[in-house]
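See below for the structure under consideration.
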Amino acid sequence: MLTIADNIQAISARITRICAECARNPDGVTLLAVSKTFGADAVLAAARAGQRAFGENYIQEAVRKMQEVAALGAPQLQWHCIGPIQSNKTRLVAEHFDWAHTIDRLKIAQRLSDQRPAHLPPLQVCIQVNVDGGTTKSGATPEDAPALALAVARLPRLALRGVMSIPDPRPDLDAQCAVHRRARAVFDAIAAALPPGHAGFDTLSLGMTADLEAAIRAGSTMVRVGTGIFGARHYGSATP
Ligand SMILES: *Cc1c(COP(=O)(O)O)cnc(C)c1O
């Protein structure tokens with residue numbers, strides 16, 4: 001029976017191997033452990049294995065878990081919101097998370113900036129881009145993303161860090177690489193449009209368990225891995 005610590009070690013080794021194959025420095029790829037639907041015990045096991053960055057989709061579940069994990073004596077962890085953010089949840093995100101990857105509307109960004117508590121550093125944010133066109137999916141279009149990014153970059157309590165994308169699953173590596181390269185192109189377009197003084201635009205949040213390799217080949221700097229670390233999810237017991 002593989003433990004969470006074994007899985008983290010295996011994924012990290014895989015990231016290192018993929019980076020070697022495409023001549024990238026593995027230090028340039030951060031592993032985000034996606035702990036949605038898993039309990040505080042699983043987060044604690046990952047934290048004890050040295051994992052510090054965690055991704056959560058369901059905001060109330062996440063805030064509860066943060067408090068449980070802290071009560072269990074976990075080290076200081078970094079929390080990333082990777083799920084959709086409705087207007088009525090912006091305050092919880094602004095008060096509890098370090099990062100939000102799913103900014104696709106200026107209204108939500110404005111609320112997060114307004115609600116970010118003064119004692120915390122700016123909320124680190126990515127623009128979510130819908131690179132494969134589904135109209136029901138979240139994310140700004142590749143065409144709209146640069147203007148949104150420039151507006152977000154001007155908000156005082158947010159720090160614009162990069163681009164995030166969740167393309168539909170594709171069966172083969174080449175197709176996965178091609179779609180991730182579209183997100184990379186949006187990242188490059190925003191980088192070229194930002195004012196020269198904008199520091200820290202350095203994050204491409206791309207790739208999950210199934211398309212990790214393609215994402216790293218396409219330039220991902222942050223892979224979001226759930227199943228590969230914690231195992232299969234059982235949504236029945238999840239509390240969105
Ligand atoms: C659930 C989720 C992940 C992790 O997916 P796995 O396939 O379990 O690795 C990554 N990113 C987002 C946005 C998710 O919702």
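Ligands are counted one by one from 1 in listed order, and the atoms in each one are counted from 1 as well.
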Could you list each N/O atom of ligand 1 together with any protein N/O atom closer than 3.5 Å, one pair per line with the distance?
{"unit_1": "ligand 1", "atom_1": "8 (O)", "unit_2": "Thr227", "atom_2": "N", "d": "2.7"}
{"unit_1": "ligand 1", "atom_1": "8 (O)", "unit_2": "Thr227", "atom_2": "OG1", "d": "2.5"}
{"unit_1": "ligand 1", "atom_1": "8 (O)", "unit_2": "Arg233", "atom_2": "NH1", "d": "2.7"}
{"unit_1": "ligand 1", "atom_1": "8 (O)", "unit_2": "Arg233", "atom_2": "NH2", "d": "3.2"}
{"unit_1": "ligand 1", "atom_1": "9 (O)", "unit_2": "Thr209", "atom_2": "N", "d": "3.0"}
{"unit_1": "ligand 1", "atom_1": "9 (O)", "unit_2": "Thr209", "atom_2": "OG1", "d": "2.4"}
{"unit_1": "ligand 1", "atom_1": "9 (O)", "unit_2": "Gly226", "atom_2": "N", "d": "2.8"}
{"unit_1": "ligand 1", "atom_1": "11 (N)", "unit_2": "Arg224", "atom_2": "NE", "d": "2.8"}
{"unit_1": "ligand 1", "atom_1": "15 (O)", "unit_2": "Lys36", "atom_2": "NZ", "d": "2.7"}
{"unit_1": "ligand 1", "atom_1": "15 (O)", "unit_2": "Asn57", "atom_2": "ND2", "d": "2.7"}

Quick one: name the residues clustered hydrophobically with Leu72, using the 4.5 Å side-chain heavy-atom rule over I, L, V, M, F, W, Y, and just say none if it's on its own. Leu44
Can you list every pair that meets side chain to side chain donor-acceptor pair (under 3.5 Å) and has a residue in residues 179-205, with sequence neighbours left out? His101-Ser205, Arg161-Asp202, His180-Asp211, Ser205-Arg224
Just by distance, with hydrogens left out, do Thr90 and Gln115 show a side-chain donor and acceptor under 3.5 Å apart? yes
Test of understanding: with salt bridge (Lys or Arg N to Asp or Glu O under 4.0 Å), list the residues that count as partners of Arg17, not counting sequence neighbours. Glu21
Between Leu160 and Phe201, is any pair of side-chain heavy atoms under 4.5 Å apart? yes
For His80, which of Phe97, Phe54, Trp99 qualifies under ring pair (Phe, Tyr, Trp, His ring centres under 6.0 Å)? Trp99
